[in-house]
Every structure is written in C-alpha cells, then in structure tokens.
Amino acid sequence: MRAVDIIAKKREGETLTREEINFFVQGFTRGEIADYQAAAWAMAVYLRGMTNEETTALTLAMAHSGQVLDLSAIAPRVLDKHSSGGVGDKTTLVVAPLVASLGLPVGKMSGRGLGFSGGTLDKLEAIPGFRADLTTAEFTTQLENYGIVVSGQTHDLAPADGKLYALRDVTATVSSLPLIASSIMSKKIAAGANIIVLDVKVGRGAFMKTEAEATALAELMVKIGRLAGRRIAAVISDMNQPLGNAVGNALEVIEAIETLKGHGPAEFVEHCLSVAAQMLLLADAARAEADALAQLRAALADGRALKKFGAWIDAQGGAARVVDDYALLPRARIVEEIVAPQDGFIAGINAEQVGLTVVDLGGGRAKKGDTIDHAVGVVFQPKVGARVARGDPLFTLHANDRAKFDAAKARLLAAYTFSPHAPALVELIHKVVR
Ligand code: URA
C-alpha cells in the first residue's frame, strides 16, 4: 500500500477500506507518512466526505494510535464532556470542577484552538505554570488523587489526533463532519471515560452551520461512542453569538472563575448547568434534571466548585492564587472600550468573525507551532437583544499592537447587526441527542 494511492482514491471520492485507513493513520503516527501527505489527504476527506463506516474506522484507528486507557480500577464511573468548537466556549473550565466537586471523577483530554474556535488547553495555559502535557501515568494518578484532570494528547494517548489536529488548524480542513467526529471521539475513547456528554455547537461561530449538520454530527458521534461501549449523549447548543462575554484565553479564564464565584453571565451559567446536568443524569447521579440542577447550583453557591477549580489548577502546576488575583494572568498593553456607532437593538454579533479577529490579534495560530498571545481578546457587554444608544459601550478590546487593535476594532464593529426592532432570541439549548 502507498499513501499517495490512498490520497488519490479519496480525491476521486471513493470509499476507503478499514485496512487503508489503518495503514494511513499508523504510518502518519509513526512519521512514515509526511505532514504534507496527511494535509492533502485531510483536504480530500474535507471535499469528498466519508461514509459513516469510514468515519468509525478512522475514529478507532486514531483512538488506537496510542494507548486506550481503562480507568475502571480508579473509579467505576469517569465522566467527560467535549465541545465541537465554538467562540468564547470556556465551558470546561466551569463544568469540569463543578461536576468533580460533587464527587464524580472527571477525566478529560482536550484540544487547542482550531481555526476560529478557541481551545481549552490554550485557555488553561494562560495560567502561569499550568501543564497541559501530562504523561499517561500523571493523568491517571491525578484522576485518582484529585478526581479531576484535563490534559492534551500525549505520545501515548491519541497521538494521531494530536498530529492531524495541528495540521487541520492551518490547512482549512477543520469543518468536516468525519474529521471532527473522529477527532473528538478518538480522544474520548483513548482517555477512558465511560460517561460522555458532547456539546455540539451550531451556528455562525460553529463548524456546523445548520441544525441538520449538527444533528448528523451528534448522531454519528453518539453511535460511535455506543459502539465503543460508552454511555453518551449530545447537547446541541447555539453558537451564533459568542458564548458568555469574554473571548480570548486569559479573559475567558477570568470569566470562568467569576462564574465559579457565582457572578457569571446568565446565559453562560445556564449553558454550563445544562451540560453538567446531562453528565449527572447519564451517570445516574440525579433522578431528574431538576434534581441535577439543584445539586449543581448548591455546589456553585457554597464554593465547592471554586475550591475544586483551585485544587485542579494546583495539581497541574498552575498558580491557583489566580482565583483571587487576576493580575497573575497576562494583560494586554492596549485596553480600550468601543462604543455603539448607532442607536438600535443588537440583532447579531457574528461569532465566526469574532473568533477570527481574536486569532488575528494573536490569540490563535496562523501556522503550526505558532506561539499565542494569551492576553488579547474582547469582552462584550451588552449582547444580542440589548437596546443601545449611539455612544453606549459595546465591547472592550484587549490588544498588544496598535495596528492589530485598529484592524480588530473595524472587524468587530462590522460583525454587529443593529435593528430598530427587538430581535427574536434563539434558545441556547436546541435539543439533546441520546
Ligand atoms: N474538537 C476536537 O477535538 N476536534 C475537532 O475537530 C473539533 C473540535
């Protein structure tokens, strides 16, 4: 078998066999298939798609490109959640410690920024000292000792996804259903959690732009998860405007901590509670959604979730004092408030444009291996549905370069739609796929 023939076969829109997929993934993992061949293959998949059988084979090949953890000796139930990618999506930073604070172990493999969407690991690395590159032994030991761990791919865990993910980020091959499904589910299977809630985003700031695409992605991932013996459900949630107010790594860490202190933006809090409630339900830790929500609200209100956050950050080498001292986080040199250019209701804030703006400010990567600027970003206040008068504050922009600041300001203002009438507000949670 030759990599070039497999690339050509997919380029022609043909269906790959399981053997061909295994050959390609194993060769790429070992470094025998070059990055440029994997990038060409990813583009062929992006353009030609894959059957559900191909996607399942790709997922299993990537999951088995390293070790597949069996965590049953640590705990009978290990919980995980994963987002398909959005803008301002700092949900894991709240949901992981919140659920873990109820005594339910959370073991999660996360990703970095991908295209316009932010990445949990990049956000966490805004905290001085935080280590996202745990070894497999560190991952399991921390899960056992602290009941919470969030790490990136290692040489041992889903290495094929780690390599392909970095290529997709910079080769315009992100928003492909088979590539997203296999990327997410290979990580979930390898990391060993047996209870998984997927947060599938839909809308302008998501890779899936329509309800039909998001539902297809959710259903396929749920099917693959079941095949792998996991208890799994998917929440389909709105991603037309940024989630919460903050977009940008350090800014999102602050918003997550504020949420854990009980001061989060209402819509973001609602989102976190909905995802966490599904985790409790799947784990049989709540009788009904109302019961799950009551347990979660109590853990937020009495500080248990915040305490768990601090313990988690500390366990991974991060400065847990950040909880009380945001000055420990990097802060941009230029921080300015931008005001509304006109009167009216805010009818839309195009989340994809917001995500791309933050990448251009330096908050994401333009090419593989770029270092990112954790300080830059934007804080929106008010959001869609609010009525503003010309000159009222719209957002605060954080930048480290005047030219980039000016470009970002223009792009963000162009991302707004104003209307003389109050817009119809979209439900945050569209549906749950079980
Ligand atoms: N999250 C992932 O882990 N992979 C993707 O492809 C998209 C979101």
Side-chain angles (χ1 to χ4, degrees), residues 25 28 38-39 41-43 45-46 49-50 54-56 58-63 65-66 80-93 95-96 107-124 132 150-154 157-193 196-203 205-209 213-214 216-218 220-222 224-225 228 230 232 234-237 239 243 252 275 351-352 355 359 364-365 368:
V25 170
F28 177 51
W41 174 84
M43 184 57 82
V45 172
Y46 182 95
M50 278 187 151
E54 283 178 292
T55 307
T56 306
L58 177 60
T59 307
L60 297 177
M62 296 212 298
S65 63
D80 190 356
K81 62 118 340 229
H82 201 92
S83 159
S84 65
V87 177
D89 187 0
K90 71 286 295 175
T91 307
T92 293
L93 273 61
V95 163
K108 171 165 168 52
M109 200 195 295
S110 275
R112 299 192 176 278
L114 196 59
F116 57 79
S117 120
T120 298
L121 301 180
D122 293 332
K123 294 170 210 216
L124 287 166
V150 176
S151 177
Q153 293 95 345
T154 63
L157 292 182
D161 178 56
K163 291 183 78 180
L164 191 59
Y165 195 91
L167 284 185
R168 287 170 56 217
D169 183 29
V170 290
T171 54
T173 50
V174 173
S175 49
S176 146
L177 193 152
L179 294 179
I180 295 177
S182 54
S183 164
I184 293 179
M185 291 310 298
S186 62
K187 280 194 282 282
K188 301 302 92 181
I189 293 170
I196 302 167
V197 171
L198 303 169
D199 183 9
V200 176
K201 304 285 187 197
V202 61
F207 298 124
M208 300 292 115
K209 305 290 182 204
E213 287 170 332
L217 175 64
L220 180 56
M221 292 196 293
V222 166
I224 294 172
R230 307 302 201 264
I232 181 163
V235 172
I236 298 194
S237 67
M239 186 34 81
L243 185 60
E252 291 187 48
V275 171
E352 179 169 6
V359 171
R365 295 173 187 81
K368 200 178 143 188

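Every number for a ligand or one of its atoms is a count from 1 in the order of the listing.
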Novice: Is it true that Ser117 lies under 4.0 Å from ligand 1, counting heavy atoms only?
Specialist: no
Novice: Holding to salt bridge (charged side-chain N to carboxylate O under 4.0 Å, His left out), I want the full list of residues that pass it with Arg230, two or more places apart in sequence or in another chain.
Specialist: none
Novice: Any side-chain heavy atom of Met185 within less than 4.5 Å of one from Leu198?
Specialist: yes
Novice: Check whether any side-chain heavy atom of Lys81 sits under 4.5 Å from a side-chain heavy atom of Thr92, and report yes or no.
Specialist: yes
Novice: Heavy-atom distances under 4.0 Å are what count here, so tell me which part of Ser84 touches ligand 1: side chain, backbone, both or neither.
Specialist: backbone
Novice: Judging by distance only, is a nitrogen or oxygen of Arg168 under 3.5 angstrom from one on ligand 1?
Specialist: yes
Novice: Considering only heavy atoms of Ser83, which atoms of ligand 1 have at least one such atom less than 4.0 Å away?
Specialist: 1 (N), 8 (C)
Novice: Can you tell which part of Leu114 has a heavy atom less than 4.0 Å from ligand 1: side chain, backbone, both or neither?
Specialist: side chain
Novice: Among all protein heavy atoms, pick the one closest to atom 1 (N) of ligand 1 and tell me residue, atom and distance.
Specialist: His82 NE2, 3.5 Å
Novice: Do we see a donor-acceptor contact under 3.5 Å between the side chains of His82 and Lys188?
Specialist: yes
Novice: Any side-chain donor paired with an acceptor under 3.5 Å for Ser186 and Asp161?
Specialist: no
Novice: Quick one: nearest non-hydrogen protein atom to atom 4 (N) of ligand 1, plus distance?
Specialist: Ser183 OG, 2.6 Å
Novice: Does an N or O anywhere in Lys187 fall below 3.5 Å from an N or O of ligand 1?
Specialist: yes
Novice: Between Asp199, Asp89, Thr120, which is the residue that forms a side chain to side chain donor-acceptor pair (under 3.5 Å) with Ser83?
Specialist: Asp89
